[in-house]
Amino acid sequence: MLLSTIKEVAKRAGVSVGTVSKFINNIEVKPKTRMAIEAAIKELNYEPNIYARGLKMNRTNTIALILPTVWHPFFSELAYNIEKNLRALNYKMILCNSEGDYKIELDYITMAKQNQVDGIIAITYSDIEAFISSNLPMVSVDRFFNEEITYVSSDNLMGGYLAAQKLIESGCQSICFIGEGSKKDNSTRNRKKGFINYCEEHRIDYQVCEMIGDHDKFDETLKQFLMDNLIQQKKIDGIFTVTDAYAYFIIEKLKEYHLSVPEDVQIIGFDGAKSSKKSVIEISTIRQPIELIAKHTVESIDALINKQTIEKEIILPVEFHQGSTTKH
């Protein structure tokens, strides 16, 4: 089937090609003219070439989303919501599953610099600071780069504080934080800080089992920590993990030692992401406002592309979700 052209639309509507072009690019035209063009487009089944239009405007209407991995419920749910919000603003999304490889991330930054995409939304813990600048439309999620790069995050500090509080309110006497992370500083480290802040403020006995940067050694470190503090001596009865994924991992480990959750040990995770729209969050967790993070992130990248002034730091509230891994 042959596609109709803008000239045919103009002829059918009885207007000039320039007027049709204005309408397509959301430039105001007279109501009567708009109705005629809309009718012509519908009759001819005309589809504007958004990429050709983008070349004229030095725009592609495309955003690159860089994620460390899609094999993570939080990143998957966030990507879904970001794409939905971008679509509402007539942007297309390119998904970059970087697997933490900074070379892959640099390829997408180069694309943005060469105007192959209009901007970048990134969750990255790689050494890319030297390659980004205030001239590059970029919004960072969960990592602060510098004062020039817009940064969107949930309140990780309050999340850690809230997790410790809920464990104590659920009857725990001695609690711990378990997690590992990137060598690059990022806001997820505030989860541990918030946890410690609550414990020290209320003089609660606590411990920390954490590995930064060396993932290969974490399993052995964790195994020894659990053996010392939960198996040989029952020193700990409450655990806060840096993510939900670690919470599920710990639960499986405790089963090997015939420890029950929440009867013997209570656990709170962090993220509260869902595997599908209708799925239920089973564990107790600090839920991030994923839909709000996506909304503010997309609004911010759109504003940057359109050279509007925006907030450089957006911190969004978290909430506790009661699940099956803590006592009511």
Side-chain angles (χ1 to χ4, degrees), residues 26 58-68 74-75 77-96 98 105 108-109 111-113 115 117-162 181-182 184-194 197 270-273 286-319:
N26 298 316
N58 202 28
R59 293 272 292 271
T60 66
N61 279 51
T62 305
I63 304 296
L65 172 62
I66 299 175
L67 297 178
F74 172 74
F75 296 142
E77 188 176 344
L78 181 65
Y80 168 80
N81 282 284
I82 285 176
E83 194 278 333
K84 185 171 70 172
N85 280 271
L86 286 171
R87 191 172 357 111
L89 295 177
N90 296 315
Y91 287 103
K92 305 295 185 211
M93 186 182 86
I94 297 176
L95 178 61
C96 168
S98 72
E105 294 170 359
Y108 281 83
I109 291 171
M111 285 177 65
K113 288 181 176 179
N115 296 320
V117 295
D118 294 336
I120 292 174
I121 296 170
I123 299 181
T124 170
Y125 309 114
S126 302
D127 294 313
I128 62 171
E129 289 94 328
F131 302 95
I132 58 178
S133 69
S134 58
N135 296 323
L136 173 66
M138 175 175 167
V139 176
S140 172
V141 179
D142 252 0
R143 177 181 173 188
F144 176 84
F145 279 97
N146 56 55
E147 300 292 343
E148 298 300 321
I149 302 299
T150 296
Y151 157 70
V152 180
S153 177
S154 61
D155 194 338
N156 290 282
L157 191 69
M158 178 52 68
Y161 191 95
L162 185 58
S182 165
K184 298 303 296 182
D185 193 15
N186 59 80
S187 65
T188 59
R189 292 189 185 179
N190 286 332
R191 299 172 189 178
K192 181 185 74 172
K193 290 178 184 176
N197 286 351
F270 198 110
D271 279 336
I286 305 301
R287 177 159 169 80
Q288 299 199 63
I290 300 176
E291 292 183 6
L292 264 184
I293 292 172
K295 179 177 181 293
H296 282 278
T297 299
V298 169
E299 287 176 352
S300 295
I301 195 69
D302 181 56
L304 284 172
I305 290 167
N306 289 293
K307 303 189 184 305
Q308 298 170 359
T309 302
I310 60 171
E311 292 181 68
K312 290 300 181 183
E313 183 179 65
I314 301 170
I315 306 297
L316 301 167
V318 296
E319 62 181 12

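All figures in this text were calculated on a predicted structure; none of them were measured in a lab. In this chain, residues are counted from 1 in sequence order.
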Rounded to the nearest 0.5 Å, how far apart are [atom1] of [X] and [atom2] of [Y]?
X	Y	atom1	atom2	answer
Ile120	Ile301	CD1	CD1	8.0 Å
Leu95	Ile121	CG	CD1	11.0 Å
Asn190	Ser153	CG	OG	7.5 Å
Asp271	Thr188	CG	OG1	9.5 Å
Ser300	Met138	OG	CE	13.0 Å
Phe74	Arg287	CZ	CZ	9.5 Å

Are the side chains of [X] and [Y] in touch, meaning some heavy atoms are under 4.5 Å apart?
X	Y	answer
Ile123	Leu78	yes
Leu86	Leu65	no
Phe270	Gln288	yes
Leu157	Asn197	yes
Glu77	Tyr80	no

Which atom names give the shortest non-hydrogen contact between [X] and [Y], and what distance separates them?
X	Y	answer
Arg191	Asn156	NE-OD1, 2.6 Å
Glu319	Leu162	C-CD2, 4.1 Å
Met93	Ile82	SD-CG2, 4.0 Å
Val152	His296	CG1-CB, 4.4 Å
Leu304	Pro137	CB-CB, 4.3 Å
Pro289	Leu316	CG-CB, 3.8 Å

(message) Restricting to side-chain contact (heavy atoms from CB on, under 4.5 Å), what partner residues turn up for Glu291, sequence neighbours left out?
(response) Asn81
(request) Could you tell me which residues satisfy side-chain contact (heavy atoms from CB on, under 4.5 Å) with Asp302, sequence neighbours excluded, listed by chain and number? (result) Leu89, Tyr91, Asn306
Any donor and acceptor pair, going by atom type alone, linking the side chain of [X] with main-chain N or O of [Y] inside 3.5 Å?
X	Y	result
Ser187	Asp142	yes
Asp118	Ile63	no
Asn61	Asn90	yes
Thr124	Ala122	no

